[in-house]
Amino acid sequence: MSGAALLIRPSRDDDVGAIAAIYGYHVAHGVASFEEVTPAVEEIARRRGEIVGRGLPYLVAEREGRVVGYCYAGLFRPRTGYRFTLEDSIYVDAAEIGRGVGRALLESLLARTTELGYRQMVAVIGGRETVASIRLHEALGFAHVGVFPAVGFKFGRWIDIVLMQRALGPGAASLPG
């Protein structure tokens, strides 16, 4: 099964159950999300609707007809001065970690957001120990731009946030059109 082809495609309404299950695992077992209570499927659908409604990519990775990961780009901040900067989010089914799903998703997300004319992508990574995510972002050209120490609290301990960033297209080398 792990050798089967991976398809990256835009998410659909009927993917929300699988997306919620993947996210729920990470909420319950990891520090990539600082949520402590798994959101209901309806809440995940609402959040996805906001992203898609803005014309931003919300992608899934599918293997043999099963959603095994997802990612999306959301606004970095709501103020208009940030309108060319996005923040990525990537979650992979626990059984698929280390099998190239995250890389395939992030590569596709970067390509699509560049095509849309965005100029910067930011990664806000929960936990310095989230090495796989940090290495994935490094491999795709993200630079470390900072750490917010002890800004999250989950599982009875303080958690840092690692900040990473990369240019999309010309980045800051030219003004937007």
Side-chain angles (χ1 to χ4, degrees), residues 8 10-62 66-79 82 85-99 101-106 108-110 112-113 118 120-138 140 142 144-166:
I8 306 299
S11 65
R12 302 183 299 245
D13 291 345
D14 64 349
D15 295 324
V16 172
I19 290 168
I22 291 167
Y23 185 63
Y25 175 87
H26 289 282
V27 168
H29 300 284
V31 295
S33 168
F34 283 7
E35 287 195 79
E36 297 179 282
V37 176
T38 301
V41 173
E42 297 79 12
E43 174 60 14
I44 297 296
R46 185 195 67 73
R47 294 176 189 182
R48 179 184 162 272
E50 283 185 5
I51 299 293
V52 173
R54 291 183 182 277
L56 293 169
Y58 199 119
L59 309 174
V60 296
E62 183 180 292
R66 188 173 75 86
V67 172
V68 296
Y70 71 96
C71 72
Y72 59 89
L75 300 177
F76 173 62
R77 296 284 183 266
R79 303 230 179 359
Y82 295 109
T85 302
L86 299 172
E87 180 181 334
D88 71 53
S89 292
I90 307 166
Y91 292 92
V92 176
D93 183 296
E96 292 279 341
I97 292 171
R99 296 182 176 156
V101 175
R103 183 180 188 104
L105 282 164
L106 186 53
S108 185
L109 187 73
L110 294 170
R112 290 178 193 215
T113 53
Y118 290 94
Q120 299 291 327
M121 183 68 76
V122 174
V124 180
I125 301 170
R128 288 184 200 229
E129 70 272 22
T130 313
V131 176
S133 184
I134 293 167
R135 286 190 179 146
L136 168 64
H137 284 84
E138 287 172 342
L140 294 181
F142 284 74
H144 290 259
V145 293
V147 173
F148 288 154
V151 294
F153 189 82
K154 188 173 178 181
F155 302 132
R157 65 184 179 91
W158 293 106
I159 303 166
D160 300 342
I161 287 177
V162 176
L163 302 171
M164 300 182 78
Q165 180 179 347
R166 73 159 271 175

Participant: How long is the gap from CG on Asp15 to OH on Tyr58, to the nearest 0.5 Å?
Facilitator: 9.5 Å
Participant: Taking Arg103 for its side chain and Arg99 for its backbone only, find out whether a donor-acceptor pair lies under 3.5 Å.
Facilitator: no
Participant: Donor-acceptor pairs under 3.5 angstrom involving side-chain atoms of residues 32-41: please list them, not counting sequence neighbours.
Facilitator:
from  : atom 1 : to    : atom 2 : distance (Å)
Ser33 : OG     : Tyr23 : OH     : 2.7
Ser33 : OG     : Glu35 : N      : 3.0
Glu35 : OE1    : Arg47 : NH2    : 3.1
Glu35 : OE2    : Tyr23 : OH     : 2.5
Glu35 : OE2    : Arg47 : NH1    : 2.7
Glu35 : OE2    : Arg47 : NH2    : 3.4

Participant: Just grab all the salt bridge (Lys or Arg N to Asp or Glu O under 4.0 Å) pairs involving residues 16-29, residues at least two apart or on different chains.
Facilitator: none
Participant: Can you measure from CZ (Phe142) to CG (Leu106) and round to the nearest 0.5 angstrom?
Facilitator: 5.0 Å
Participant: With Thr130, which residues qualify under side chain to side chain donor-acceptor pair (under 3.5 Å), at least two apart?
Facilitator: none
Participant: Once side chain to side chain donor-acceptor pair (under 3.5 Å) is applied, do any residues pair with Thr113, and if so which ones, sequence neighbours excluded?
Facilitator: none
Participant: Quick check for you: to the nearest 0.5 Å, what is the distance between Ser11 atom OG and Tyr70 atom OH?
Facilitator: 10.5 Å
Participant: Compare all side-chain heavy atoms of Pro10 with those of Arg112 and state whether any distance is below 4.5 angstrom.
Facilitator: yes
Participant: Under the side chain to side chain contact (heavy atoms under 4.5 Å, CB included) rule, collect the residues that match up with Ile97, sequence neighbours excluded.
Facilitator: His26, Val92
Participant: To the nearest 0.5 angstrom, please state how far the CG atom of Leu56 sits from the CD1 atom of Ile51.
Facilitator: 6.0 Å
Participant: Is the closest side-chain heavy-atom distance between Thr85 and Arg77 below 4.5 Å?
Facilitator: no
Participant: Could you list the residues that satisfy side chain to side chain donor-acceptor pair (under 3.5 Å) with Arg79, not counting sequence neighbours?
Facilitator: none
Participant: In terms of relative ring orientation, are Phe153 and Trp158 parallel, tilted or perpendicular, with 30° and 60° separating the classes?
Facilitator: perpendicular
Participant: Taking the side chain as every heavy atom from C-beta outward, state whether Asp93 and Arg66 have any atom pair closer than 4.5 Å.
Facilitator: yes
Participant: Restricting to salt bridge (charged side-chain N to carboxylate O under 4.0 Å, His left out), what partner residues turn up for Arg128, sequence neighbours left out?
Facilitator: Asp160
Participant: List the residues meeting ring-ring contact (aromatic ring centres under 6.0 Å, His included) with Tyr25, not counting sequence neighbours, and say none if there are none.
Facilitator: His29
Participant: Say you draw a straight line from CG of Leu109 to CD1 of Ile90; how long is it, rounded to the nearest 0.5 Å?
Facilitator: 7.0 Å
Participant: State whether Asp13 and Arg48 are salt-bridged, where the test is any N-O pair (Lys NZ or Arg NE/NH1/NH2 against Asp/Glu carboxylate O) under 4.0 Å.
Facilitator: yes
Participant: Got a sec, which residues hit salt bridge (charged side-chain N to carboxylate O under 4.0 Å, His left out) with Glu62, two or more places apart in sequence or on another chain?
Facilitator: Arg9
Participant: Can you list everything that forms a salt bridge (charged side-chain N to carboxylate O under 4.0 Å, His left out) with Arg12? Sequence neighbours excluded, please.
Facilitator: Asp14
Participant: Under the salt bridge (charged side-chain N to carboxylate O under 4.0 Å, His left out) rule, collect the residues that match up with Arg135, sequence neighbours excluded.
Facilitator: none
Participant: As a quick check of understanding, evaluate side chain to side chain contact (heavy atoms under 4.5 Å, CB included) for Ile8 and Val60, giving each step before the final call.
Facilitator: CA-CA 6 Å; Ile8 306 299; Val60 296; over 6 Å; no
Participant: Let me see the working for Phe155 and Val31 under side chain to side chain contact (heavy atoms under 4.5 Å, CB included), right down to the final yes or no.
Facilitator: CA-CA 9 Å; Phe155 302 132; Val31 295; 4.0 Å; yes
Participant: Kindly write out the residues that satisfy side chain to side chain contact (heavy atoms under 4.5 Å, CB included) with Val145, not counting sequence neighbours, or none if the list is empty.
Facilitator: Leu163, Gln165
Participant: For residues Ile134 and Gly127, report the shortest heavy-atom separation together with the two atoms involved.
Facilitator: CD1-O, 4.2 Å
Participant: Is the count of non-hydrogen atoms from other residues, nucleotides or ligands lying under 6.0 Å from Arg54 atom CZ greater than 12?
Facilitator: no
Participant: Supply the atom-to-atom distance His144 NE2 to Met164 CE, rounded to the nearest 0.5 angstrom.
Facilitator: 3.5 Å
